[in-house]
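Report on the following structure.
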Amino acid sequence: MASVVVQTRLDIPMSDDQFKANTPSIPLRKPYGSMDLISTKTPPHHGRHSKDTKWWVVLNLAFQSIGIVYGDIGTSPLYVYSSTFSNGIKHKDDVLGVLSLVFYTLTLLPMIKYVFIVLRATDNGEGGTFALYSLICRYAKVSLIPNQQAEDRQVSNYTLELPSKRLKLASVLKSSLEKSKFAKLFLLLITMLGTSMVIGDSILTPSISDMIAGISIVILVFLFMIQRFGTSKVGYTFAPILSLWFILIGGIGFYNIIKHDTTVLKAINPIYIVEYFIRNKKDAWVSLGGVVLCTTGGEALFADVGHFSVRSIQVSMCSMVYPALILAYTGQSAYLRQHPDSASDAFFKSVPGPMYWPMFVVSILASVIASQAMISGTFSVVHQSLSLGCFPRVKVVHTSANHEGQVYIPEINYFLMLACVGVTSGFKTTVKIGNAYGIAVVFVMTLTSALLVLIMIMIWKTNIFLIILYVVTIGFVELMYLSSVLYKFTLGGYLPLAFSAFLMTVMYVWNNVYRRKYHYELDHMISPARLTEIFTNKNMSRIPGLAMFYSELVQGIPPIFEHYVSNVPALHSIIVFVSMKSLHVNKVPAEERYFFRRVEPRTLFAFQCAVRYGYNDVREVAFEETLITRLKEFIQEETWMQIQTLSIGGKMTESGRESDREIEHNEISKAKLAKEEKLREIMEQEIEQVEKAWEEVGIVYLIGQNEVIASKESNVMKRILVDYAYNLLRRNLRQSEAVFDIPHKRMLKVGMTYQL
């Protein structure tokens with residue numbers, strides 16, 4: 001930018017370049033927004049889509065994804081036919097009917113729905129139910145997270161790329177959702193349910209191979225122990241085994257087709273499905289609970305996409321996984337056409353003799369590795385829900401410097417390990433495990449479709465006929481499968497629902513009290529007048545140093561601050577109120593993360609800083625150093641904007657005759673120069689104070705340790721929710737200082753009781 005240029009011989013105010021040249025050498029970016037509300041902005045980017053720019057990166061990620069994503073769906077041939085024909089094969093053509101069901105189910109759900117439709121709904125490369133929820137929240141004001149600000153929408157990757165066309169249905173639906181409190185809560189609850197079901201799925205995955213339960217438990221423990229090494233290393237370790245598995249089942253399937261019955265290929269005709277239902281009626285409908293197991297792990301394609309990329313998932317699914325599965329099921333069907341009495345163990349009995357033991361060994365490894373798909377997916381969805389205030393605090397470890405989505409959560413890892421071992425040793429029949437597994441799988445798929453239809457209507461503005469086509473085909477198929485698996489609720493199907501109910505209760509309790517606490521602080525925040533009184537109190541001393549006061553409140557000063565100064569009548573010379581907040585985006589660029597506001601008047605030397613993270617971001621290692629650097633940039637940018645305001649004001653006063661304008665301008669120039677000098681002097685003093693406090697005295701961390709209790713007029717349910725459920729979780733999980741890695745030697749906890 002150039003300053004106002006006026007022809008005169010005297011006292012020309014400094015240009016922007018001159019001003020910058022005379023200020024401390026801090027990287028300067030062009031600010032935006034109001035004078036007391038400054039952040040920085042970078043050109044829009046497309047998050048993890050940049051992975052797809054080089055083919056060798058795509059192929060590398062596609063290879064890794066085989067070992068992480070497809071273990072679950074890849075091992076489904078082990079148990080689909082035994083679960084479907086639990087009462088034996090009653091008619092020879094029933095095999096063709098079931099094969100036709102398997103073929104069209106695999107094609108419609110994992111392939112068409114997930115690979116080519118759902119993967120389009122990633123949030124800058126991130127998948128899972130919370131990614132879909134975040135997309136909806138960014139388009140419509142349906143979020144129940146209370147700390148959102150209007151300025152958050154200026155983050156470069158917050159804005160969605162919307163089609164230019166208008167759809168009346170989209171506007172009506174958006175308006176209805178925004179006006180309904182019930183709809184907002186319902187959206188959040190089904191998102192929590194979907195997340196809970198994914199976790200439940202990850203618990204049940206290894207249990208499906210109970211024939212090798214003793215070996216599985218040993219390998220399971222080993223599997224969970226190596227999770228801390230990260231998705232990339234685990235993927236490279238497992239990918240060769242799963243690749244060998246897919247080659248073997250595809251090759252054996254092709255061999256069985258040629259050897260036993262090539263006519264089985266006519267099952268591509270869906271008429272065999274109709275005939276299967278006509279012959280078996282209710283039994284055919286009940287058997288759908290076994291057929292749907294061929295899609296187990298389909299949700300992992302979406303939940304795990306953040307560990308890789310959309311293109312790599314599409315490449316691996318289309319080139320290896322889908323063809324191998326179709327050949328495997330077709331080969332088993334060809335064998336069963338000739339040996340209908342072998343349905344209970346169709347997979348191993350269809351393996352040629354010389355290949356039996358090699359396949360047995362590989363199947364042991366593959367069936368246990370199968371749980372890796374849902375373990376990685378669970379880490380992803382828990383990380384997302386944690387960032388959005390829907391899960392208790394746990395430690396998140398990013399295991400890759402190259403791929404941000406690869407995370408490891410120790411507490412969740414050990415919880416899954418104990419649950420998996422318990423289920424594997426506790427369940428004794430494949431049929432019961434299959435019943436439980438089917439409910440978890442279909443519930444997640446159905447919830448994903450429900451959220452996807454909202455996105456199709458409101459965000460993509462898809463043609464209404466295509467939406468109807470999606471609902472009457474894929475939606476109808478999923479509802480049919482859901483009705484079938486629910487029929488088996490008492491035969492093991494209760495287990496995933498019990499897991500989900502427990503996890504959903506934990507998530508709801510935490511989120512509900514989190515929102516109540518935030519609204520309490522919002523209602524009781526310190527007014528500007530009261531804050532000035534506190535700072536200017538004669539009994540209040542200012543001591544050297546910089547204090548960071550951590551709070552969840554981003555719109556004001558929390559009441560716990562007044563509680564602190566009433567007990568400790570001393571304040572550091574520099575106060576920064578720091579709020580960690582999550583946005584409905586997967587990642588916030590580092591340049592846009594720190595959002596400062598000065599607490600007026602300027603003499604207080606106090607600031608508010610909202611540190612904005614996406615739900616897949618991780619806290620920087622050098623967080624304090626970065627914050628101090630951004631604070632100095634803020635002070636410089638604020639002064640720069642004030643200089644610009646002076647220049648604009650000077651230009652607007654020019655009027656009258658030429659001689660009068662010159663005199664007037666000279667007077668304005670002198671006044672402006674004096675003001676600029678004064679502003680620059682204040683800026684240099686403030687930056688010097690910040691540097692001195694940081695380098696010589698250091699930072700003191702003030703942490704609010706809030707105890708929450710239900711108010712006296714609360715009903716019984718609220719008392720149980722707040723006094724017992726929430727406080728039980730809070731006492732047994734990580735505290736703020738552990739999550740933020742705050743050094744204990746420089747930490748001061750401030751306790752206060754909130755009556756909600």
Under 3.5 Å: donor-acceptor pair, side chain of [X], backbone of [Y]:
{"X": "Arg719", "Y": "Lys712", "value": "yes"}
{"X": "Thr536", "Y": "Thr532", "value": "yes"}
{"X": "Arg746", "Y": "Val700", "value": "no"}
{"X": "Thr629", "Y": "Glu625", "value": "yes"}
{"X": "Gln636", "Y": "Met683", "value": "no"}

How about [X] and [Y]: does a side-chain donor come under 3.5 Å of a side-chain acceptor?
{"X": "Ser573", "Y": "Gln689", "result": "no"}
{"X": "Thr446", "Y": "Ser449", "result": "no"}
{"X": "Glu552", "Y": "Tyr514", "result": "no"}
{"X": "Asn512", "Y": "Arg516", "result": "yes"}

Search all heavy atoms of [X] against all heavy atoms of [Y] and return the closest pair with its distance.
{"X": "Phe549", "Y": "Pro558", "value": "CE2-CG, 4.3 Å"}
{"X": "Ser385", "Y": "Met507", "value": "CB-CE, 4.0 Å"}
{"X": "Pro544", "Y": "Val697", "value": "O-CG1, 3.7 Å"}
{"X": "Val310", "Y": "Leu119", "value": "CG2-O, 3.7 Å"}
{"X": "Val305", "Y": "Gly127", "value": "CG1-N, 3.4 Å"}
{"X": "Glu178", "Y": "Val142", "value": "N-CG1, 4.2 Å"}

Check: [Y] and [X] side chains under 4.5 Å, non-hydrogen atoms:
{"X": "Val722", "Y": "Ser714", "value": "no"}
{"X": "Leu187", "Y": "Leu451", "value": "yes"}
{"X": "Ser551", "Y": "Phe577", "value": "no"}
{"X": "Val513", "Y": "Leu729", "value": "no"}
{"X": "Glu521", "Y": "Tyr754", "value": "yes"}
{"X": "Ile543", "Y": "His572", "value": "yes"}
{"X": "Leu132", "Y": "Thr191", "value": "no"}
{"X": "Val599", "Y": "Phe535", "value": "no"}

### Query
When you look at Ser500 and Phe443, which way does the side chain to side chain contact (heavy atoms under 4.5 Å, CB included) test go after all the steps?
CA-CA 11 Å; Ser500 299; Phe443 246 107; over 6 Å; no
### Task
For the pair Glu600 and Leu604, evaluate side chain to side chain contact (heavy atoms under 4.5 Å, CB included) and give the outcome as yes or no after the intermediate values.
CA-CA 7 Å; Glu600 297 295 345; Leu604 300 182; over 6 Å; no
### Task
Determine, stepwise, if the pair Phe623 / Val611 fulfils side chain to side chain contact (heavy atoms under 4.5 Å, CB included).
CA-CA 10 Å; Phe623 170 75; Val611 187; 3.9 Å; yes
### Query
Taking the inter-plane angle between the rings of Phe379 and Tyr408 on a 0 to 90° scale, is it parallel (under 30°), tilted (30 to 60°) or perpendicular (over 60°)?
perpendicular
### Task
Kindly assign one of parallel, tilted or perpendicular to the pair Phe186 and Phe182, based on the angle between their ring planes and the thresholds 30° and 60°.
parallel
### Message
Please evaluate residues Gln608 and Val554 with respect to the criterion side chain to side chain contact (heavy atoms under 4.5 Å, CB included), reporting the C-alpha separation (whole Å), side-chain torsions for both, the decisive distance (0.1 Å), and the verdict.
### Response
CA-CA 8 Å; Gln608 281 184 282; Val554 298; over 6 Å; no
### Tyr726 ring center near Tyr724 ring center (under 6.0 Å)
no
### Task
Please confirm whether Phe634 and Tyr594 have ring centers closer than 6.0 angstrom.
no
#### Entry: Step-by-step salt bridge (Lys or Arg N to Asp or Glu O under 4.0 Å) determination, Glu686 to Arg598
CA-CA 12 Å; Glu686 288 185 338; Arg598 184 183 288 275; 3.0 Å; yes
Can you tell me how far [atom2] of [Y] sits from [atom1] of [X], rounded to the nearest 0.5 angstrom?
{"X": "Tyr613", "Y": "Leu583", "atom1": "OH", "atom2": "CG", "answer": "11.5 Å"}
{"X": "Ile457", "Y": "Leu452", "atom1": "CD1", "atom2": "CG", "answer": "10.0 Å"}
{"X": "Leu188", "Y": "Arg515", "atom1": "CG", "atom2": "CZ", "answer": "6.5 Å"}
{"X": "Arg612", "Y": "Ser582", "atom1": "CZ", "atom2": "OG", "answer": "12.0 Å"}
{"X": "Ile409", "Y": "Phe415", "atom1": "CD1", "atom2": "CZ", "answer": "12.5 Å"}
{"X": "Leu553", "Y": "Ile526", "atom1": "CG", "atom2": "CD1", "answer": "9.5 Å"}

### Task
Determine, for Lys632 against Glu691, whether the closest basic-nitrogen to carboxylate-oxygen distance falls under 4.0 angstrom.
yes
### Task
Using the side chain to side chain contact (heavy atoms under 4.5 Å, CB included) rule, pick out the option among Thr195, Asn511, Val382 that qualifies with Phe391.
Val382
### Query
With a cut-off of under 6.0 Å to the ring centre and 45° to the axis, is Lys174 in cation-pi contact with Tyr139?
yes
